[in-house]
Amino acid sequence: MGVKVEVFRMILYLTFPVAMFWISNQAEWFENDVIQHKRELWPPDKRQELEEFKERIRKQREEKLLRAAQRNS
């Protein structure tokens with residue numbers, strides 16, 4: 001009985017990671033499900049707003065760094 005349990009555990013230990021790796025690397029699944037879900041969460045119009053917000057924050061940080069650099073000079 002003990003050998004059968006150990007063989008089952010070894011098969012499970014080897015099969016589970018390989019199966020998860022195989023499932024996670026399915027390109028069709030990724031394109032169909034993940035990318036579609038991403039488009040539902042962040043539609044293109046919202047994405048444009050997000051990009052504009054990122055640009056404003058980047059400009060503010062650059063201006064802040066320039067002012068700090070000018071004060072130190």
Side-chain angles (χ1 to χ4, degrees):
M1 178 80 176
V3 174
K4 291 180 182 179
V5 172
E6 291 299 322
V7 170
F8 174 75
R9 286 178 52 195
M10 184 57 77
I11 290 171
L12 184 66
Y13 289 155
L14 293 174
T15 305
F16 183 75
V18 172
M20 290 298 108
F21 181 77
W22 181 79
I23 289 170
S24 65
N25 284 309
Q26 296 298 309
E28 298 86 23
W29 176 82
F30 184 81
E31 290 173 356
N32 293 337
D33 294 337
V34 176
I35 293 176
Q36 182 62 31
H37 187 65
K38 179 181 174 185
R39 288 182 182 144
E40 290 172 2
L41 288 175
W42 298 288
D45 57 334
K46 296 286 184 183
R47 197 172 304 138
Q48 180 64 29
E49 292 175 14
L50 181 63
E51 292 300 323
E52 291 171 359
F53 175 73
K54 287 179 183 178
E55 186 65 25
R56 282 196 318 261
I57 295 298
R58 186 185 61 78
K59 286 181 182 179
Q60 289 175 356
R61 286 182 181 167
E62 286 178 357
E63 290 172 0
K64 185 178 177 182
L65 288 172
L66 284 174
R67 284 189 298 237
Q70 287 174 353
R71 277 189 240 143
N72 291 338
S73 295

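Heads up: numbering here begins at 1 and tracks the sequence.
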> To the nearest 0.5 Å, what is the distance between CZ (F21) and CZ (F16)?
Replying inline: 14.5 Å
>> Taking L12's backbone N and O only, do any of them form a donor-acceptor pair with T15's side chain (distance below 3.5 Å, no angle check)?
In response: no
> Could you give the distance from CE (M10) to CD (E6), rounded to the nearest 0.5 Å?
Replying inline: 8.0 Å
> If you measure from CG on L65 to CD on E62, what distance do you get to the nearest 0.5 Å?
Replying inline: 8.0 Å
> Taking atom CZ of R67 and atom CD of Q70, what is their separation to the nearest 0.5 Å?
Replying inline: 9.0 Å
> To the nearest 0.5 Å, what is the distance between CD (E63) and CZ (R58)?
Replying inline: 10.0 Å
> Atom CD of Q36 and atom CG of L41: how far apart are they, to the nearest 0.5 Å?
Replying inline: 10.5 Å
> Any link between M20 and W22 through a network of hydrophobic side chains (Ile, Leu, Val, Met, Phe, Trp, Tyr) touching at under 4.5 Å?
Replying inline: yes
